[in-house]
Amino acid sequence: MTDQAYNFAYLDEATKRMIRRALLKGLAIPGYQVPFASREMPMPYGWGTGGVQVTAACLTPDDTLKVIDQGADDTTNAVSIRKFFERTAQVQTSETTAKATVIQTRHRIPEVALTEGQILVYQVPIPEPLRFLEPRESETRRMHALEEYGLMHVKLYEDIARHGAIATSYAYPVKVEGRYVMDPSPIPKFDNPKLGSNAAIQLFGAGREQRIYALPPYTDVVSLDFEDHPFDPSKADHACDLCGSEVSYLDELITDDKGSRMFVCSDTSYCTARQDEGHTGRLSPEGVAA
Amino acid sequence: MTMHDVSLDQPLFRVDGLTKRYGQRIGCADVIFDLWPGEVLGIVGESGSGKSTLLGCLAGHMQADEGKILYRGRNTLTMPEPERRVLSRTEWAFVHQNPRDGLRMGVSAGGNVGERLMAIGARNYGEIRETATDWLGRVEIAGERIDDRPRQFSGGMQQRLQIARNLVTSPRLVFMDEPTGGLDVSVQARLLDLLRGLVRDMGLSVIIVTHDLAVARLLADRLMVMKDGHVIEQGLTDQVLDDPQAAYTQLLVSSVLQV
Ligand SMILES: Nc1ncnc2c1ncn2[C@@H]1O[C@H](COP(=O)(O)OP(=O)(O)OP(=O)(O)O)[C@@H](O)[C@H]1O
Ligand SMILES: [Mg+2]
Ligand SMILES: [Zn+2]
């Protein structure tokens with residue numbers, strides 16, 4: 001079979017329309033999980049088929065696509081999704097956040113502030129924030145409908161009781177526009193403050209679970225917490241060892257078998273751009289330092 | 001404890017013609033009674049007589065087919081579900097026979113007790129914990145067990161934890177389905193004493209289902225005797241137990257005396 005056997009962006013137009021309807025509904029009711037008829041995609045579920053379908057439904061031939069996985073553009077997952085759309089939609093791709101019109105992501109929100117007109121598509125493994133304490137789908141739906149969110153705080157309570165602090169560091173639950181409690185996908189809680197009042201459209205797709213939800217631009221998003229244990233986005237107490245950034249989210253790397261460590265920006269595109277601008281860090285090659 | 005501002009000249013609960021069928025079979029039929037503030041009503045009867053069905057309908061866990069239930073003047077059978085769920089987690093409480101049905105087994109004792117507080121908006125961890133500790137004490141569970149899971153508790157402790165979890169928000173009305181069933185006799189006695197004290201101190205209204213007439217005598221002000229889904233006799237507990245009118249009640253009472 002040749003590439004021409006596929007419709008633009010792989011999915012047929014009827015499917016894309018169905019997904020777009022779900023997306024519009026999601027945008028109309030921020031944080032609400034909209035069921036949709038997820039399609040088989042030519043890749044395993046763990047690869048973000050929900051996000052891929054959302055991206056496919058959003059792309060136009062003029063778009064520029066960026067795909068990130070854990071902050072990086074060059075991991076297997078990111079590369080194959082990018083190639084998939086290069087092949088099926090012939091869209092331009094870029095690793096530069098500012099140049100992209102559609103960004104599909106797993107586990108991160110880019111460091112560079114997004115702008116109006118951009119779309120950020122999240123790959124979501126488990127869309128239901130109440131799943132941890134209430135496995136029955138019928139019951140969690142009712143809890144959302146009736147705004148019965150006491151359980152969410154029970155989870156945070158358990159965290160503090162066991163660890164002395166809210167230990168949830170990924171997929172930290174948020175409340176959207178004072179109404180729906182939402183799972184922001186497994187982004188680090190460091191990224192939570194970027195969810196709210198964001199200029200971009202944020203779309204969330206869960207393939208296996210067949211759910212779509214969304215945050216329109218400039219939505220009010222609050223991370224759940226207690227008065228005496230307020231939400232803390234927490235950042236490693238380091239600067240990036242390559243670009244010197246003191247505000248970015250860092251990955252810790254072991255650099256040799258003696259256990260030497262380094263901290264580098266998880267957003268590689270951001271880090272590279274800063275290095276290109278002449279910024280340096282503790283481990284920048286000598287002679288490069290400004 | 002503060003008493004609720006319920007006017008004492010109006011029933012808390014008015015039940016009229018309540019009927020629930022399971023297909024052709026009758027669960028309970030044409031049940032009529034009033035429950036007054038601070039009153040403990042016992043529902044007794046043999047297995048299959050409709051006690052749990054009646055309790056489930058009253059608490060809104062099952063939908064009745066006919067009849068009226070007025071709670072403080074509001075018809076709970078026709079009120080919107082959100083409103084009834086709010087009642088269930090504020091003014092009402094339900095103690096299950098099996099603590100596993102009434103507890104979150106994966107959540108610590110403190111989390112179990114704190115859930116209702118958080119459900120109605122408590123957002124201060126320190127205060128929630130303080131209240132939970134206080135309530136564990138009131139049901140005779142050492143405060144240091146606050147972070148243990150219910151699984152690490154004995155059956156009697158689990159039942160006391162379930163009671164604390166239910167009473168922490170000071171409900172007006174507590175439904176109980178065989179709260180002492182499945183426990184050793186000595187454990188039962190201690191739990192009954194505890195319940196009696198809490199009911200008195202908090203001025204609770206209680207509807208308690210039991211097939212154990214000794215439990216009924218100890219806790220209930222008034223009794224309803226059920227058979228085949230129908231209430232065949234009701235009255236003050238001592239009256240019903242010492243001078244039963246219905247032949248069936250006489251049988252029920254005498255069979256207990258033989259034990
Ligand atoms: N889910 C159900 N489906 C069909 N019939 C039911 C159901 N639940 C109860 N029944 C029937 O309704 C009648 C009343 O049952 P219920 O459970 O209310 O009795 P009970 O007095 O609580 O008995 P027990 O003391 O054994 O708990 C019985 O005939 C029972 O078989
Ligand atoms: Mg029963
Ligand atoms: Zn960097």
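Excluded from the calculations below are hydrogen atoms, water molecules and symmetry mates; all remaining heavy atoms, backbone and side chain alike, are included. Treat the numbers as computed from the prediction; the structure is a model and nothing was measured. Naming convention: chains lettered A, B, ... in sequence-line order (proteins, then strands); numbering from 1 in each chain.
For Asp147(B), the part lying near chain A is the side chain, with the backbone staying farther off; criterion is any non-hydrogen pair under 4.5 Å. If you measure heavy-atom distances from Ile120(B) to chain A, you find no contacts under 4.5 Å at all. For His229(A), the part lying near chain B is the side chain, with the backbone staying farther off; criterion is any non-hydrogen pair under 4.5 Å. Of the two parts of Tyr157(A), the backbone and the side chain both hold a non-hydrogen atom closer than 4.5 Å to a non-hydrogen atom of chain B.
Residues of residues 98-107 of chain B lying under 4.5 angstrom from chain A, judged on non-hydrogen atoms, are Arg104(B), Gly106(B), Val107(B) by number. Among the residues in residues 83-95 of chain B, those with a non-hydrogen atom closer than 4.5 angstrom to a non-hydrogen atom of chain A are Arg85(B), Arg89(B).
Under a cut-off of 6.0 angstrom, the local environment of CZ in Arg14(B) is sparse, with at most 12 non-hydrogen atoms contributed by other residues, nucleotides or ligands. Other residues, nucleotides and ligands contribute more than 12 heavy atoms inside 6.0 Å of the CD atom of Glu140(B). Annotation: Glu147(A), atom CD; neighbour count of heavy atoms from other residues, nucleotides and ligands within 6.0 Å is above 12.
In terms of modelled atom types and a separation under 3.5 Å, the side chain of Glu227(A) and the main chain of Tyr125(B) share no donor-acceptor contact.
A pairwise comparison of heavy atoms in Glu158(A) and Ser108(B) identifies OE2-OG, 2.5 Å as the closest pair. The two residues Asn124(B) and Phe226(A) make their nearest non-hydrogen contact at N-CD2, 4.1 Å. Shortest non-hydrogen contact noted between Pro82(B) and Leu146(A) is CG-CD2, 3.2 Å.
Interface remark: of the candidates Glu115(B), Arg116(B), Met118(B), Met118(B) forms the most heavy-atom pairs closer than 4.5 Å to chain A.
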